[in-house]
Amino acid sequence: MKLPKTYKPSDYEADIYALWEKSRTFEPKNRDSDDYYSIVVPPPNANGDLHLGHGLTLALEDIAVRYNRLKGKAALLLPGADHAGFETQVVYEKELAKTGKSRFDFSREELYQQIWDFVAKNRENYEAQFRSLGAGVDWSRYVFTLDKKIVDQAYTTFKKMWEEGLIYRGERLVNFCSHHGTAFADIEVEYKETKGKLYYIKYPLTSGGGELTVATTRPETMLGDTAVAVHPDDKKHVKYVGKTVRLPLTNRDIPVIADDMVDIEFGTGAVKITPAHDPNDFEVAERHDLPRISVIDYEGKINHEAPEVYQGLDVEEARKQVLKNLAEQGFLAKTEAHKHSVGHCYKCGTVIQPLLREQWFIDMKPLAEKAIEALKANKIKFYPSGKKDQLIRYLEGLKDWNISRQIAWGIPIPAFVSAENSEDWIFDERVDRESIEVDGKTYHRDPDVFDTWFSSGSWPYATLDYPEGEGYKQFYPLSLMETGTDILYPWVSRMIMFGLYSTGEVPFKAVYLHGLIQDEHGAKMSKSKGNVINPMDQVNEYGSDAFRMGIIATEAAGSNRPFDSSKLVGARNFANKLWNIARYAEDVLGDDFILGKAVPKTAADHWILTKLQHLTGAVSADLDEYRFAEAYEKLYHFVWDYFADWYIEASKFSLNAQVLARVLEASLIILHPFAPFVTETIWQTLKWEHGTILAVRSWPKVAGTDTKQAQQFEAIQSLVNEIRFLSNELGLSKPRLHAEVSELIHSNSELIRRLARLDDITETPATSGIRLINSSAPAWLAVEKSVIEDYKKRLGERRTEQQKAIATLEKRLANKAYVDKAPKTVVDETKQQLEEARGQLDKMTESEKRLSA
RNA sequence: GGGUAUGUAGCUCAGUUGGCUAGAGCGCCACAUUGACGUUGUGGAUGUCGGGGGUUCAAGUCCCUCCAUACCCACCA
């Protein structure tokens, strides 16, 4: 035999993957075909190892693509890697820190080159991991997010938006992390519930005496106040509107204004307005044309706009100092405990400061509207379906998007500003130059880069070489976008908007969102908790196939779930089971076996082929609707319970070589998307069809089975099951069976004897012993007297249960409404059930009589 | 405050358009045994399908309500 006793994945996986690559298995064939299936892999960050989420993603996508390839489609799984601007910079900065340097020691060009090299090194690492996971990607189409075509596409999109007036530059509040020195999109800010304090500060009227008290959690920002606002309907305060107050600690007078945004119930009903450091206040300032005074700089320190004593203090220090001075001067009315949520940098935890900064923005409204329209027209199917409405709601509330980042690593923004006029910006792609000359004027390069998600938005079509590429023409829109629920908003939404904007079509026909994989106890995995599970360790321990099957075994779209290693164990055992089925086949079919025509002869042959026929349809139906776990479970039970436990056992008595071989072949094919390595390894070893690759064979078609014969095998099964049950229950060892002459038992007696572990079957007219109840052919187990009393008791209990079941069925059929309203098939089914139940009861009665006689 | 999920066996979870006598894996109990496999085989036990109400001939599945949990969004002067 060529196959060793136990399947050891590491002995085969690398060779098998190499075989696929060599034979270009993953490059789509039939180039002209309209019948395609395409997925573009969400590009993992090229700055480290793959995590479990990537493992899950690749398993799901690879299953979908391999399945569709077997179904005869032009199938493409396109791989890529992400430069992940900010993420990568952070990782690289940590590396730099080890050598005692920081990014500020290098120019942008130097830094860019260094990070590029760093990422290039990591790419090899992660490509190896793709291979380990069995991901059947077309490496010839590999794309990196900083490849020229991706950058060009980003510039094309930016230019189109620029020309259509969707891009604007403005001084807006941005979410600024002073530690990383960059702004974040709203969606990137992490809010945490924080116990803080609410401070009440008195602002005296400039003239005429009296005062207004405002409440604030951030007293230090008062240094930048430019107004106090009250609600127009606030009877208590409305009289102050139009007057001015003297801002404590400064010598500035600021107006009292009326605005709807004020909540009369909160605090005192009067709000200090700090347009430069609060998003709401910014909007109020816009409406009332108030000045904006920045008092906090990009390093998080108080700047020169504030009185000298506070300058240079960081925010926390300034707060203490301001409070101290306010108290000393009698302006601090009171302090209350107050819970509120505060934005933090998701990387370093620094409190995010809303700061004024010139940034590039996209006017999202027209983009969002198109996306909403497409979603409402069901142009994209969602798994789980509820995510669609969630996305629509998000898009409806979408604000303009700040796309510029103050980081070193990323795609430079192709914009230059006039040396003379800071308002004069031009679009130009010559970003490798510090400055350029246009029409005799000098322009300087914008030092900023794009938010990663800006270029990622074009991913589905940029990777396929839109607009002229063959890839685009054949594979767009993508069949599926499969990714994590957590990036529905930042990524999926943008791909939809950008796809519609640039190509006029939705970028994909369906979206499948998988949930987060948590640790064994349902906690989120994180490096800081130290509960991160590395997929490569799992692959090494259980094998790649076991990892894939184990990780998708509990998959349900959209929901988080804990990592369950017992599923991997089960999957490994399953792979080994399949392996041993192949060993058995190899053993009984011989080394030189060649596949031929399979003609079913026995009841078992018809039965297994019928089951196989159902399986091929059911697995197709599941995978077409992305029910991965259900499809896997069906396969598992077919192979293990039907094929191994019944058919192979039966084949030991009566072998039909071609049927056995065909069922194994079909099992290998259907299972291949889930367990590509072990199935291909078996196929290559058996060599039943020289030189063929399992991965590119065709989905099995099963025909010509006889249902009657298949049912006969099921009759044998229920007979055997009952004998096994009784043998176990009554502690019988190798009992004898007496049976009336019947076709079923007569022609299958040896099979029944073996499967049921009988000593012997005797054909005889009615006799004593234990009457089998599930058997259509009258048969009795010969037992000793001592066993009979035991059995009678059990039989009595069983009769009572049976009578109850019959009563239930009778009652249901006696219900006129049921008989009238339920579908005929359902009613017929009930009738049949009742008939069977009565038949069984009769047999029980008969059995009891005989035992008592 | 708004929203979305989730709650089914000891554990982790399936359960598609209502037809269910509610399933799987692991675990548990008993037994078996080796000419494919101990990563094995055979048999078994275990559930007020979160609580309550409703619609229906029929509800784990649909509706309402309450409880619990998780996540997302907004706001928090």
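Because the structure is predicted, anything quoted here is derived from the model rather than measured.
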Parallel, tilted or perpendicular: which fits the ring planes of A:Y7 and A:Y12, with parallel below 30° and perpendicular above 60°?
-> parallel
Using whole Å, report how far NZ of A:K387 lies from P of B:rU4.
-> 11 Å
Side-chain touch A:Y818/A:K816, heavy atoms, less than 4.5 angstrom | no
Who is the Watson-Crick or G-U wobble partner of B:rA70, with both distances under 3.5 Å?
-> B:rU4
Describe the nucleic acid contact of A:A805 in one word from base, sugar-phosphate, nothing, applying a heavy-atom distance below 4.0 Å.
-> nothing
Calculate the interatomic distance between A:D486 atom CG and B:rA70 atom C1'; express it in whole Å.
-> 15 Å
Checking B:rU39, B:rU12, B:rA36 against the side chain of A:K567 (C-beta onward), the nearest is B:rU12
Return the nearest nucleotide to the side chain of A:H637; candidates are B:rC75, B:rG25, B:rU4.
-> B:rG25
Shortest side-chain distance from A:N573, nucleotide among B:rU39, B:rC26, B:rA36 | B:rU39
Using purine N1 to pyrimidine N3 plus N6-O4 or O6-N4 for Watson-Crick, or N1-O2 and O6-N3 for G-U wobble, both under 3.5 Å, which nucleotide pairs with B:rU48?
-> none
Look at all strands and tell whether A:L198 reaches a base, only sugar-phosphate, or nothing, counting heavy atoms closer than 4.0 Å.
-> sugar-phosphate
Is the side chain of A:E722 donor-acceptor paired with the backbone N or O of A:L719 at a distance under 3.5 Å, no angle test?
-> no
How far, in whole Å, is B:rG27 from B:rU46 if one measures between their C1' atoms?
-> 12 Å
Of the nucleotides B:rA36, B:rA24, B:rC20, which one has an atom closest to the side chain of A:E633?
-> B:rA24
C1' gap between B:rG23 and B:rG47, integer Å = 11 Å
Quiz item: A:K652 side-chain donor-acceptor pair to B:rA36 base, under 3.5 Å | yes
Please give, in whole Å, the distance from B:rG19 C1' to A:Q832 CD?
-> 15 Å
Counting side-chain heavy atoms from CB outward, which of B:rU12, B:rG41, B:rA14 is closest to A:S559?
-> B:rA14
Looking at residues at least two apart in the chain, or sitting in another chain, which of them share a side chain to side chain contact (heavy atoms under 4.5 Å, CB included) with A:V787?
-> A:L730, A:L732, A:V783
Run through A:E555, A:Q518, A:H514 and flag the one making a side-chain hydrogen bond (donor to acceptor under 3.5 Å, both in side chains) with A:R561.
-> A:E555
Round to a whole Å and report the spacing from CZ of A:R583 to C1' of B:rA36.
-> 6 Å
Per A:K821 side chain, nearest of listed nucleotides B:rA36, B:rU21, B:rC57 | B:rC57
Is it the case that A:D234 and A:H231 place a side-chain donor and acceptor less than 3.5 Å from each other?
-> no
Of B:rU4, B:rA36, B:rC73, the nucleotide closest to the side chain of A:I648 is B:rA36
Rounded to the nearest Å, what distance is computed from the CG atom of residue A:D828 to the P atom of nucleotide B:rG19?
-> 18 Å
Identify, between A:K5 and A:K524, the residue whose nearest nucleotide on RNA chain B lies closer to the 5' end.
-> A:K5
When only distance counts, do a donor and an acceptor, one from the side chain of A:Q518 and one from the base of B:rA70, lie under 3.5 Å apart?
-> no
Which residues within residues 719-731 of chain A lie with some heavy atom under 4.0 Å of an atom in RNA chain B?
-> A:N721, A:R724, A:F725, A:N728
Tell me the partner of B:rG35, counting only Watson-Crick (N1-N3 plus N6-O4 or O6-N4) or G-U wobble (N1-O2 and O6-N3) with both under 3.5 Å; none if nothing fits.
-> none
How would you label the contact of A:V214 with the nucleic acid (heavy atoms, under 4.0 Å): base, sugar-phosphate, or nothing?
-> nothing
Quick one: which of B:rU39, B:rA14, B:rC57 gets closest to the side chain of A:R572?
-> B:rU39
So what does A:R627 touch, heavy atoms closer than 4.0 Å: a base, only the sugar-phosphate, or nothing?
-> base
In whole angstroms, how far is the C1' atom of B:rC71 from the CD atom of A:E190?
-> 13 Å
Those residues at least two apart in sequence (or on a different chain) that pass ring-ring contact (aromatic ring centres under 6.0 Å, His included) with A:Y489 are A:Y394
Side-chain N or O of A:R812 closer than 4.0 Å to phosphate OP1/OP2 of B:rU21 | yes
Criterion side chain to side chain contact (heavy atoms under 4.5 Å, CB included) on A:T679 and A:F674, from CA distance to verdict | CA-CA 9 Å; A:T679 50; A:F674 297 85; over 6 Å; no
Can you tell me, in whole Å, how much space there is between the C1' of B:rC49 and that of B:rU6?
-> 14 Å
Take the protein atom CZ of A:F643 and the nucleotide atom C1' of B:rA36, then report the distance between them rounded to whole Å.
-> 11 Å
Between A:I264 and A:D186, which has a closest nucleotide on RNA chain B that is more 5'?
-> A:D186
Are A:K388 and A:F382 in a cation-pi setup, meaning NZ or CZ lies under 6.0 angstrom from the ring centre and within 45 degrees of the ring axis?
-> no
Same-atom distance (C1') from B:rG50 to B:rU8, integer angstrom = 10 Å
What is the nucleic acid contact for A:D263, judged by heavy atoms within less than 4.0 Å: base, sugar-phosphate only, or nothing?
-> base
For B:rU39 versus B:rG25, give the span between their C1' atoms, rounded off to a whole number of Å.
-> 15 Å
Nearest listed nucleotide, side chain of A:Q390, among B:rU4, B:rC57, B:rC37 = B:rU4
With heavy atoms under 4.0 Å as the rule, sort A:K634 into base, sugar-phosphate or nothing.
-> base
Within the structure shown, what part of the strands sits under 4.0 Å from A:P823 by heavy-atom distance: base, sugar-phosphate, or nothing?
-> base
Base, sugar-phosphate alone, or nothing: which one does A:A644 contact when heavy atoms must sit under 4.0 Å apart?
-> base
May I ask which nucleotide in the shown strands pairs with B:rC26, Watson-Crick or G-U wobble, both distances under 3.5 Å?
-> B:rG10
Classify the nucleic acid contact of A:T217 as base, sugar-phosphate or nothing, counting any heavy atom under 4.0 Å across all strands shown.
-> sugar-phosphate
Scan side-chain atoms only and decide if A:Y203 and A:D225 contain a donor-acceptor pair under the 3.5 Å cut-off.
-> yes
Which part of the nucleic acid, if any, lies within contact of A:Y394, taking any heavy atom under 4.0 Å across all strands shown: a base, the sugar-phosphate backbone alone, or nothing?
-> nothing
Could you measure between the two C1' atoms, the one in B:rA5 and the one in B:rU48, and give it in whole Å?
-> 25 Å
Atom CH2 of A:W646 and atom P of B:rU42: how far apart are they, to the nearest Å?
-> 8 Å
Which class fits the ring pair A:W683 and A:W688: parallel under 30°, tilted 30 to 60°, perpendicular over 60°?
-> perpendicular
Which listed nucleotide (B:rU56, B:rA36, B:rG3) is nearest to the side chain of A:D587?
-> B:rA36
Answer yes or no for A:K381 and A:Y512: cation-pi contact, defined as NZ/CZ to six-membered ring centre under 6.0 Å and angle to ring axis within 45°.
-> no
Taking any strand in view, what nucleotide pairs with B:rA58 in a Watson-Crick or G-U wobble way, both distances under 3.5 Å?
-> none
